[in-house]
S.K.: 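First the structure, which I've put down as structure tokens, then a few questions once you've had a look.
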Amino acid sequence: MSISTSVLSDLLQSLPYLRTQLYFKASLTALSHAMEDQVLATSLDQPLIIASFQRERFYRQEAHRYQRLAERSDQIYVLSAPETEFANSSDDYEKVAFEPDDALSKEWHLVVIADNYATCLVCRESVRSIAKNQQLPEMTSSLDIDTARRFEGIWTSDRGVSLKAAELILQRIEVYRPDLAGKINQARQRFGIGSVPLKSQPKSINESAFSIDTDPFVQRLVTYLQASQYKLHKAYRSIAAQARKEKLINSISMAIRRSLDPQAVLQVAAQELGQHLEADRCLIYRAQSTDDQAIIEHEFLSPDVVSVRGQTWNLAQNPLFHEITQLGEGICITDTLTDYRVTSSTALSLIVKRFTIHSWLIEPVFSQGRLLGMVELHFCHLPAHEWQAGELDLVKAIATQVGAALIQAEAFANLEELNKQLEALDRTRSNLIAITGHELRTPLSTIQVCLESLASEPDMPLELQQVMLNTALSDSERMRKLVQDFLTLSNLESGRVEWHPESLTLQECVDLALSRLRTRSTSEKPPTIKTQIAESLPLVRADGDWLVEVLAKIIDNACKFTPASGQITIEARKNGNYEVEVIVADTGRGIEPNRLEIVFDRFYQEEGALRRTAGGTGLGLAICRQIVNGWHGKIWAESQGKDKGSQFHFTIPIVQSSQELEKIKR
């Protein structure tokens, strides 16, 4: 006999009129105890009792009952899959150890046959019940997981069915315990097991006279227990669902606490929510009520569903989005094929068809009345998904968590920006103190010494008096330029400058800037300056005074950091159809690559404010950046590093013809 054969299957095959019923474990326990108690309560002839336990640990829970039953009969057989000490033995009753891979390990049997009554319980554990118990979440470990165990099988007090069940199990016992063949034959002969066809099996006189009808009581007991178990199972499912919901929300809350990166938080939320609700697609994206479109950034996807990550969602033509922004509530669509909002919108119909959306849930992410984004769930397979109240509540809870994450990330980004501004202000303050101490105190001291000398020594030679005057005038000019640069930068940054754009020839502006530099008194010989500006270069449109100022300051800056033996080149070229790019290149000391951006900050000088060999305020390039920004141009620096020269670039808009201007407007 194959050990893979199920006793229940063999019984149903032998008696095809039998119909199985679903039992919870608690019901089977109560029935088993009722059958055992019936034996203990009677003083009739010794009955045949066969009990099969799935595992030794289940047998251990009932071992004390079989010690008592052994006082009533010597025909007791207990079967179990051994785990520790359970083994074949013949002590108070017969123990039969079967192999763990025997079909008996998935079944529950109890057969009682006496002279005047017979009952049997033959059940097999549901495969779904086993799978569900293996997949229970960790937080439900404290619950009684046996409440979820279900069995399919037969319970009856029909003698013929009980005799057939006893015959099938006794055959299995003989396989494992051949030594019990004689004792088993005695039971067969006494109770007529396997000797007479079931349908012609007559009742004995003793059985007719002393028959005990336990059906009414037991049937009521089973009905009561089954109803109680269904209620208990429903409560268990509710508790488990609540536990899974709390686990999901906690996992997202944990992600928020662990990371201030909104991208990571939103991806965790989309993944967890999509998996929990078994959706085909879960999307989370940012959107404000005034947006016309949104880019899908975060997505959970089932294996056989088309991805929409990276695509642009058109919000301007989405009636669902407008309804959500107006009402402030989410939208739940069970069947997109029949919902009027979808069928009446061409845009939505295309989305539904393209991405196979049959059921659709959209929940807004609000914070303090402001729309921050959307959470979408898509079910792409038929039949349409019937949305449950618990699912909607869960999505709302997740949307609240997502809103908190976005606000937290936004606040952190603002804080970072404020910190950067504070750092910049602190650098400005430090540089201002340094530049003031160096650029103002030094010329003031010089002027004071020169004037005191002129006042206190009237007999000073005329040549020396002239030197003193020239020195005082030179340093006063330095102070005037510093104050002028302060005022200029302040006006530019505050927007108090009035721009007067006009059509200009770039060559003329370059010539004016160079002539301004030549008038600057300096004892040092300037480097060679070359210009390479094509005559065919188009006119530019800018405020002439400010354009000359930019050119002069950039060229002056190049002169300061380029030796007399070096060279400065001024180029200009057309950059596309709408702007001219000007390049001032030098062969001077160059700039480190990591400082190419901060050279445009206030008071910045490559050598540092307190150890410069070149004069200046450190405000020139900051002023240039503000001026170029004023005509919506760009300015930047390039350099290969120290002592490799540098190039300063800026762009100027080209004067457009009336036809070109019309094209730009379009």
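A quick note: this is a predicted structure, and the numbers were derived from the prediction, not measured.
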S.K.: In Å and rounded to the nearest 0.5 Å, what is the CG to OG1 distance from Leu382 to Thr356?
M.R.: 10.0 Å
S.K.: For the CG atom of Leu301 and the OG atom of Ser307, what is their distance to the nearest 0.5 Å?
M.R.: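 Reported value, rounded in 0.5 Å steps: 5.5 Å.
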S.K.: Check the pair Ile398 / Val375 against side chain to side chain contact (heavy atoms under 4.5 Å, CB included), numbers first and verdict last.
M.R.: CA-CA 9 Å; Ile398 297 302; Val375 178; 5.5 Å; no
S.K.: Does one side chain, of Thr312 or Gln293, offer a donor that lies under 3.5 Å from an acceptor on the other?
M.R.: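 Their side chains do not contain a donor-acceptor pair, so the 3.5 Å distance test is not met.
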S.K.: To the nearest 0.5 Å, what is the distance between CG (Leu315) and OG1 (Thr290)?
M.R.: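 One finds 10.0 Å between CG of Leu315 and OG1 of Thr290.
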S.K.: Determine the sole option in Ile583, Val582, Asn557 for which the side-chain contact (heavy atoms from CB on, under 4.5 Å) test with Phe648 is passed.
M.R.: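 Result for side-chain contact (heavy atoms from CB on, under 4.5 Å) with Phe648: Asn557.
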S.K.: Can you list every ring pair (Phe, Tyr, Trp, His ring centres under 6.0 Å) pair that touches residues 621-642, not counting sequence neighbours?
M.R.: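 Only Trp636-His649 qualify under ring pair (Phe, Tyr, Trp, His ring centres under 6.0 Å).
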S.K.: By salt bridge (Lys or Arg N to Asp or Glu O under 4.0 Å), which residues pair with Glu329, not counting sequence neighbours?
M.R.: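 Expected list: Lys396.
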S.K.: So which heavy atom on Thr651 is nearest to which on Val628, and how close?
M.R.: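 That would be O-CG1, 4.1 Å.
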S.K.: Counting distance only, does the side-chain N/O of Arg541 pair as donor-acceptor with the main-chain N or O of Ile654 below 3.5 Å?
M.R.: no
S.K.: Shortest non-hydrogen contact from Val305 to Cys380?
M.R.: CG1-SG, 4.0 Å
S.K.: Answer with yes or no after comparing the ring centroid distance for Trp387 and Phe379 against a 6.0 Å cut-off, counting only values under it.
M.R.: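 Close enough - the centres of the two rings lie under 6.0 Å apart.
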S.K.: Can you name the closest pair of heavy atoms from Pro364 and Ala399 and give their distance?
M.R.: O-CB, 3.7 Å
S.K.: Ignoring hydrogens, what is the shortest heavy-atom contact between Val599 and Leu596? Give both atom names and the distance.
M.R.: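 That closest heavy-atom pairing would be CG2-O, 3.3 Å.
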S.K.: Mind checking the CG-CG spacing from Leu619 to Asp601? Nearest 0.5 Å is all I need.
M.R.: 11.0 Å
S.K.: Checking Thr336 side chain against Ile357 main chain: does a donor-acceptor pair fall under 3.5 Å?
M.R.: yes
S.K.: Using a 6.0 Å cut-off, check whether atom CD1 of Ile295 has over 12 heavy atoms from anything other than its own residue.
M.R.: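 No - once you tally the heavy atoms of other residues, nucleotides and ligands closer than 6.0 Å, there are 12 at most.
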S.K.: May I ask you to decide if Ser359's main-chain N or O and Thr334's side chain share a donor-acceptor pair within less than 3.5 Å?
M.R.: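 A pair under 3.5 Å: no.
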S.K.: When rounded to the nearest 0.5 angstrom, what is the spacing between CD in Glu549 and SG in Cys509?
M.R.: 12.5 Å
S.K.: Looking at Gln317, I'd like to know if its CD atom is crowded, meaning that more than 12 non-hydrogen atoms belonging to other residues, nucleotides or ligands lie closer than 6.0 Å.
M.R.: no
S.K.: From Gln647 CD over to Gln640 CD, what is the distance, rounded to the nearest 0.5 angstrom?
M.R.: 7.5 Å
S.K.: Using the side chain to side chain donor-acceptor pair (under 3.5 Å) rule, collect all pairs that involve residues 497-508, keeping only residues at least two apart or in two chains.
M.R.: Gln507-Asp511
S.K.: Between Trp313 and Phe355, is the ring centroid distance below 6.0 Å?
M.R.: yes
